[in-house]
Amino acid sequence: MAFSSSDTRMQSKATYYFWVGVFIIFMLSVFSGTYFATLKVDYVWRWYRVPQYFFFKDHVEIRSEIQGDVAKIDRREKETVVYISGDGEQAKYTLPAGSLRVAEKDFIYPGDILGFYEKWKVGILLDGLWLTLKVSVVGIVIGIIIGLFAGLARISANPAFKWTAITYVELIRGSPLLVQIFIWYFVIGTVVNTMLAGKGFGQLPPIWFGVAALAFFAGAYVAEIVRAGIQSIHRGQTEAARSLGMTYAQNMRHVILPQAFRRIFPPLAGQFISLIKDSSLLGIIAIRELTKATREVVTTSLQPFELWFMCALLYLVLTFSLSMFLQYLERRTIT
Amino acid sequence: MIDVKNVSKFFYVPHEVKALNNVSCKIEVGEVVVVIGPSGSGKSTLLRCLNRLEVADEGHIFVDGIDIMNRKTDINKARAEMGMVFQSFNLFPHKTTLENVTLAQVVVRKRSADGAREKAMALLSKVGIPDKANVYPDRLSGGQQQRVAIARALAMDPKVMLFDEPTSALDPEMIGEVLDVMQTLAREGMTMIVVSHEMGFAREVADRVFFMDHGAIVEEGTPDTLFNNPRHERTKLFLSQIL
């Protein structure tokens, strides 16, 4: 039976479709139940207000920078050019046609509105989504580098390397990411920025510490993934490579890591996806990634239901499309 | 060529065992030595101590004048002079047959890619599988894999070849093809140490046979004397069990 190859108990087509129906009814009742429950608390859904947080039309006013008379107004097909001449200075402003607010001979003070134009701008949610993606990518790239070395150190015979790696991994995995972010920002951040200020340098923005927290957090998990991947390669591979005269580094570079990478790739991809979700904690140190952006919009718009669902959906879009892409990469590199 | 002096080696896991007990032997250039003995007698350990895959605890080992057990010796340089063939082949599964044979030439011997490829093709022809150059090891039979492993070791132009039970993991019908390659090698004057259960090969190819038991070389001699007139009781018992 093609439709239930993994489940031999599903005997007939009718039973199968009956349970598919049960699933659909269950899902519908969950969603409609939620909807009607919100109606009971007099929540008014206003989905139409959400798109403005993705893209919106910004109203930009054009103001005069000098004082003087409007000397001439040149009306062209699509734009209007306003010439202002004041006490020994001239200025020229180009406005979109139809937005003109002044007439010839008007006396203009600096800061007076001459006209306006409209411009499409990227909204705060999309900005936050982009920042989330950026910090996650930078975090995982640095995390993989840290994790690679920590993983190699973890299986080293040298106790200094080995115990450093164990301490690092246990400390990071044993404490909440939120606490680590606080430590990175409020402890390490304060120390570093105070020292920089003492030397006359500028301050590092919070995002540096946020990314560092994510990278070191991911690095600990990557280290364990790398360790398991390397240890899963048969000892005979190392023996063969070393017996040919290869050094430790040559063996790793040419024999062990290329094989280990194929096994490491799927859990590494999973780590990346969970890092995207973990980056939602960065809002706590004033990094306006997706979650923080949503929180800001909620406080101004008072539409929490739509926005939090939208926020979850955006994370889902990010993680799901990423997992599809990584699966595609995996198929391409491994076969 | 190879000089082993009073070498001992202990294993502590799972329990303390003296894997090699005060072993001494000398092997000359061009000699073919086959090491036989029951399992756990220390044959493989002795072989693996020669290129320091296992570190011996006591004694001295010299290969071509190089002090193997001295920590200051550049062991990678010494290993490049000793080819090793394993029971489980240990080909690199992510590389093609050709790449398996060229990798160490380029990485260790710093040969050019073209030179390495030429050498590899010549060796693959020698072991009889030039047509499998661009195939991955999982597409080869056990016998073919082991022949590639021999070619891989030979590509380094070693002075000694160490064989650690090269035919034990093979199906019976494939043993012959591997032994043929080894026999050719022996005839060309390669110094070889072979840990093996192939008594026919030992009789035909070996200059000397070592019989090991409980970490010691109990008896050594030409194949003729060792197989036909063993002096020690343990040798007699072992031969009677396997022949």
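Residue numbers start from 1 in every chain, and the chains themselves are labelled A, B, ... in the order their sequence lines are given, proteins ahead of strands.
- Between the side chain of A/E289 and the main chain of A/G283, a donor-acceptor pair closer than 3.5 Å is present.
- In this structure, the portions of B/F92 lying under 4.5 Å from any heavy atom of chain A include both its backbone and its side chain.
- Taking a cutoff of 4.0 Å between a charged side-chain nitrogen and a carboxylate oxygen, B/D157 and B/K119 qualify as a salt bridge.
- With a threshold of 4.5 angstrom between heavy atoms, B/I75 does not approach chain A through any atom at all.
- Using a 30° and 60° split on the angle between ring planes, A/F265 and A/F261 fall in the perpendicular class, above 60°.
- Between chain B and the residues A/L244, A/T247, A/T238, the most heavy-atom pairs under 4.5 angstrom are made by A/L244.
- Among the candidates A/Q250, A/R242, A/R235, A/R253, the residue making the largest number of heavy-atom pairs closer than 4.5 Å to chain B is A/R242.
- A/F216 and A/W184 have tilted rings, their planes meeting at an angle from 30° to 60° on a 0 to 90° scale.
- The greatest number of non-hydrogen atom pairs below 4.5 Å with chain A, out of B/L162, B/L103, B/N51, is found for B/L103.
- Closest non-hydrogen pair, B/K43 versus B/P38, comes out as NZ-O, 3.3 Å.
- Heavy atoms closer than 4.5 Å to chain A are found in the side chain of B/R48, but not in its backbone.
- Under a 3.5 Å cut-off, the side chain of B/S196 and the backbone N or O of B/E198 do form a donor-acceptor pair.
- Heavy atoms closer than 4.5 Å to chain A are found in the side chain of B/M156, but not in its backbone.
- Neither the backbone nor the side chain of B/K77 comes within less than 4.5 Å of any heavy atom in chain A.
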